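Values below: every heavy atom of this structure, side chains too, minus hydrogens, waters and symmetry copies. All values reported here derive from a predicted model rather than from experimental measurement. In what follows, every chain begins at residue 1, and chains take the letters A, B, ... in the order their sequences are listed.
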Protein chains: 4
Amino acid sequence: MSSSNINDLKLRLREFAQARDWDQFHSPKNLTMALSAEVAEITEHFQWLTEEQSQNLPKENLAEVETELADTLIYLIRLADKLDIDLIAAANNKIEVNEQRYPVDKAKGSAKKYTELDR
Amino acid sequence: MSSSNINDLKLRLREFAQARDWDQFHSPKNLTMALSAEVAEITEHFQWLTEEQSQNLPKENLAEVETELADTLIYLIRLADKLDIDLIAAANNKIEVNEQRYPVDKAKGSAKKYTELDR
Amino acid sequence: MSSSNINDLKLRLREFAQARDWDQFHSPKNLTMALSAEVAEITEHFQWLTEEQSQNLPKENLAEVETELADTLIYLIRLADKLDIDLIAAANNKIEVNEQRYPVDKAKGSAKKYTELDR
Amino acid sequence: MSSSNINDLKLRLREFAQARDWDQFHSPKNLTMALSAEVAEITEHFQWLTEEQSQNLPKENLAEVETELADTLIYLIRLADKLDIDLIAAANNKIEVNEQRYPVDKAKGSAKKYTELDR
């Protein structure tokens, strides 16, 4: 029974943890560590590749990276749930902030942080 | 114009990057680094807190953590987009794997990795 | 032939990389990714433990953590070498900064960042 | 009064923490989080740079990276101290393991993990 969006996944993961009595381990502190360990598993795939190679992963490696991205999303959703944060709303809010911070005419083609952009 | 799900966010972020000519920076390798840096900003909030304190963040800190979670989701979506990975499908697949790896009767109340569970 | 300090280790690691023609992979960018992946392997050991449990690791786990700390130091030394940074001098300088930032009478018993300390 | 090696730094950092009553915060779990947050500050410097640019940092950025490397070493030393691990000995041991895992004739010019090397 697949979940079709973040909210469904949140509920499915909540049940998964409850059934296993895992909420005792899922403090925000611990989930943050787990999240960072999963991201590092993505990092391991790319650390010795050139940027171009990272865009053209062999099929087998891509399947592994897909699993690490899944793990990352899973822990991110669990963490947001424990903190009672709405991830989609938070992302929309942050994109609006970014639109202010990085106006097209100033930010175009630049990798500078907004604090260093000539405004 | 808020996005209401991951797919909408993906399209919104794609436009955001294209308008700023940022695709040149958004290799999977670079996006992975950015993702890991954002997760570390969550880590900074929790590193000196007890687990219990991490469950009861002061309102102001919680608002900051919310922004870091948003950044994490944003880079995760961008990375998945660049690798042509469907995040929701990948998460569903991984949860099914986890259901096999962690049967309730073996995993209940245990933080052991599946490779160390007595099966 | 063991190395007895960081400078010796630096030279030993330099030879190790040169013999294998690995300098082509050891850009500061790539070494930073490798460093972060190694630290995450330490994180994996501690993520579900309480703070108290983290102070009392079983012997076998401690041996594994020791290896991850070794890997972390190895990449840190390589990265510093590539950037021509003297790690020991840099650490001494930073400790002096910290002594200014965290005067004993203000910082005692507090986990606050120096920017939030009442001075 | 500068420390001239890792052991001296360990003692200096121990005193620093004791004077501030910070040992209560310095569990291995917490120090690992702090370590990972410091490494991420290095990551932030390199995430949008090409590998070549990472080798040619402007002087000002290099000074900042130096400080982040110092912080990384400081937390690594504190963590090793709390776990009673001898960092230099551990690194020597790991280099010997690596010499076995990556014999020059097999590993030359290859970024493959030892588990994937044709032996």
*chain C: which of D:Asn7, D:Leu83, D:Asp8, D:Thr50 shares the most heavy-atom pairs with it under 4.5 Å?*
D:Leu83
*May I ask you to check whether C:Gln18 and C:Asp23 show a side-chain donor-acceptor distance below 3.5 Å?*
no
*D:Ala70 and C:Ala90: which non-hydrogen atoms are nearest, and at how many Å?*
CB-O, 3.4 Å
*asked:* Less than 4.5 Å to any heavy atom of chain D: does that hold for the side chain of C:Leu87, its backbone, both, or neither?
replied: both
*Pick whichever of D:Gln53, D:Glu99, D:Lys82 has the most heavy-atom pairs under 4.5 Å with chain C.*
D:Glu99
*So what's closer than 4.5 Å to chain C heavy atoms on D:Leu13: side chain, backbone, both or neither?*
side chain
*Heavy-atom pair count under 4.5 Å with chain C, highest-scoring of D:Ala19, D:Ser4, D:Ser36, D:Ala89*: D:Ala19
_Given heavy-atom pairs under 4.5 angstrom as the criterion, report whether the side chain, backbone, both or neither of D:Leu9 touches chain C._
side chain
_Portion of D:Asn98 that has a non-hydrogen atom of chain C nearer than 4.5 angstrom_ = both
*So which of D:Val65, D:Ile42, D:Leu69 has the biggest tally of heavy-atom pairs under 4.5 Å with chain C?*
D:Leu69
*Between D:Ile85 and chain C, which part of the residue has a heavy atom less than 4.5 Å away: side chain, backbone, both or neither?*
side chain
*Contact part of D:Gln47 toward chain C, heavy-atom cut-off under 4.5 Å: side chain, backbone, both or neither?*
backbone
*Between C:Glu15 and C:Arg20, is there a side-chain N and carboxylate O pair less than 4.0 Å apart?*
no
*asked:* Could you walk me through whether C:Lys108 and C:Tyr102 satisfy the side-chain contact (heavy atoms from CB on, under 4.5 Å) test, starting with their C-alpha distance in whole Å, then the side-chain angles of each, then the deciding distance to 0.1 Å, before giving a yes or no?
replied: CA-CA 8 Å; C:Lys108 195 156 191 168; C:Tyr102 298 96; over 6 Å; no
*Basic-acidic side-chain contact under 4.0 Å: D:Lys94, C:Glu38*: no
*Do you know the tightest heavy-atom contact between D:Ser110 and C:Phe25?*
C-CE1, 3.7 Å
*Working for salt bridge (charged side-chain N to carboxylate O under 4.0 Å, His left out), residues D:Arg12 and C:Glu96*: CA-CA 11 Å; D:Arg12 188 174 180 186; C:Glu96 275 151 43; 3.7 Å; yes
*What residues, two or more places apart in sequence or in another chain, satisfy side chain to side chain donor-acceptor pair (under 3.5 Å) together with D:Glu66?*
none
*Looking at D:Ile95, D:Asp84, D:Thr72, which has the largest count of heavy-atom pairs under 4.5 Å with chain C?*
D:Ile95
*asked:* Taking side chain as everything from C-beta outward and backbone as N, CA, C, O, which of these in D:Asn5 sits under 4.5 Å from a heavy atom of chain C? Side chain, backbone, both or neither.
replied: backbone
*For the side-chain hydrogen bond (donor to acceptor under 3.5 Å, both in side chains) test, which of C:Lys10, C:His26, C:Arg14 pairs with C:Asp81?*
C:Arg14
*asked:* Please classify the contact of D:Ile74 with chain C as side chain, backbone, both or neither, using a heavy-atom distance under 4.5 Å.
replied: side chain
*Could you have a look at D:Leu57, D:Ile77, D:Leu76 and say which one has the most heavy-atom pairs with chain C under 4.5 angstrom?*
D:Leu76
